[in-house]
Amino acid sequence: MESVVARSIFSPATGFIRRGGFAWTCNPYVGCTFGCTYCYAMFLPQNRRPLEQWGRWLAAKTNAVDVALRTAPKIARQPLYLSSVTDPYLPIERRLGLTRGILEALLPHQPRLLVQTRGPLVARDGDLFRQWQRVRVNLSIPTDDDQIRKVFEPHAPALEDRWQAFQELRGQGIAVGLCVTPMLPLSDPEAFRRRLLEAAPEVLVLQDFHDSQGRVGADTGPKARERLRGYPQVAEQYAALLQRLRRDRTVYEGEAGFFPP
Ligand code: SF4
């Protein structure tokens with residue numbers, strides 16, 4: 001792992017995050033060791049490394065907490081998205097505590113906080129989220145099958161660990177959303193539908209997973225495109241799940257689901 005010295009830690013929101021109503025983003029790390037094969041972050045200009053290396057490198061903004069302590073007042077009570085081009089709860093976060101340090105710096109200033117993660121480590125910070133006036137933690141759980149998860153997100157945490165983090169945070173009274181984004185192939189769509197409904201997340205977001213023919217920014221990535229060909233049923237599964245879920249509750253689709261608490 002490398003270290004970088006960050007000049008700033010809160011950046012003006014851009015793209016779909018800005019369109020969703022966020023003013024700021026925060027990324028404690030550069031790169032992401034979860035290395036999802038479809039990750040849009042690998043296509044962004046910040047990534048100057050070859051696409052095939054995505055997931056194999058990481059840089060920590062080692063001065064992130066100092067910078068956050070100095071600059072947190074400027075984003076007081078404004079909508080903040082944590083994180084847009086990395087995951088704030090990577091395994092290294094357990095040792096470095098950058099995300100936690102940033103949250104502690106932000107707490108007195110109470111931005112409207114959305115935490116977006118695949119990392120069950122997020123449950124560690126429930127004590128901080130409980131002190132927030134407006135916060136939502138979004139956990140990404142894109143399939144019901146860990147074997148499929150390993151095909152597309154080989155280094156991301158096991159699905160059941162994410163469900164456990166969901167329950168732990170909910171048990172503490174924290175608003176938690178579920179993001180089936182992008183929806184990967186499912187093994188038992190009906191059981192997954194029931195589980196999503198029974199979980200009753202604060203916000204439920206679905207997004208389809210398709211080969212966008214190399215369109216940068218919305219692309220699924222070369223590895224994901226290749227692997228997706230083995231699952232022709234995914235489009236039909238997506239349409240059916242969305243339709244059935246909508247009989248019972250509000251489901252946001254894609255960008256529409258990413259809005260501040
Ligand atoms: S966890 Fe998020 S940022 Fe990290 S590789 Fe996966 S999609 Fe990209």
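Indexing begins at 1, ligand by ligand and atom by atom, following the structure's order. Note that this is a predicted model, so its numbers are computed, not measured. Counting from 1, the numbers follow the sequence of the chain as shown.
Evaluation of the side chain to side chain donor-acceptor pair (under 3.5 Å) rule for T71 yields no partner, not counting sequence neighbours. With sequence neighbours excluded, no residue forms a side chain to side chain donor-acceptor pair (under 3.5 Å) with Y81.
No side-chain donor-acceptor contact under 3.5 Å links E2 and W57.
Panel detail: atom 8 (Fe) of ligand 1 has protein N, O or S atoms under 2.8 Å away, 1 in number.
The atoms of ligand 1 that sit less than 4.0 Å from any heavy atom of W54 are 5 (S). Near R118, with a cut-off below 4.0 Å to any heavy atom, the atoms of ligand 1 are 1 (S), 2 (Fe), 7 (S).
The side-chain heavy atoms of P111 and L106, taken from C-beta on, include a pair separated by under 4.5 Å.
A distance-only check finds a donor-acceptor pair linking the side chain of N47 to the backbone of M42 [under 3.5 Å]. Side-chain N or O atoms of R134 include none that pairs as donor or acceptor with a backbone N or O of P260 at under 3.5 Å.
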Please tabulate, one pair per line, all N/O donor-acceptor pairs under 3.5 Å involving side-chain atoms of residues 231-240, not counting sequence neighbours.
| from | atom 1 | to | atom 2 | distance (Å) |
| --- | --- | --- | --- | --- |
| Q237 | OE1 | L186 | N | 2.8 |
| Q237 | NE2 | L186 | O | 3.0 |
| Y238 | OH | E253 | OE2 | 2.7 |

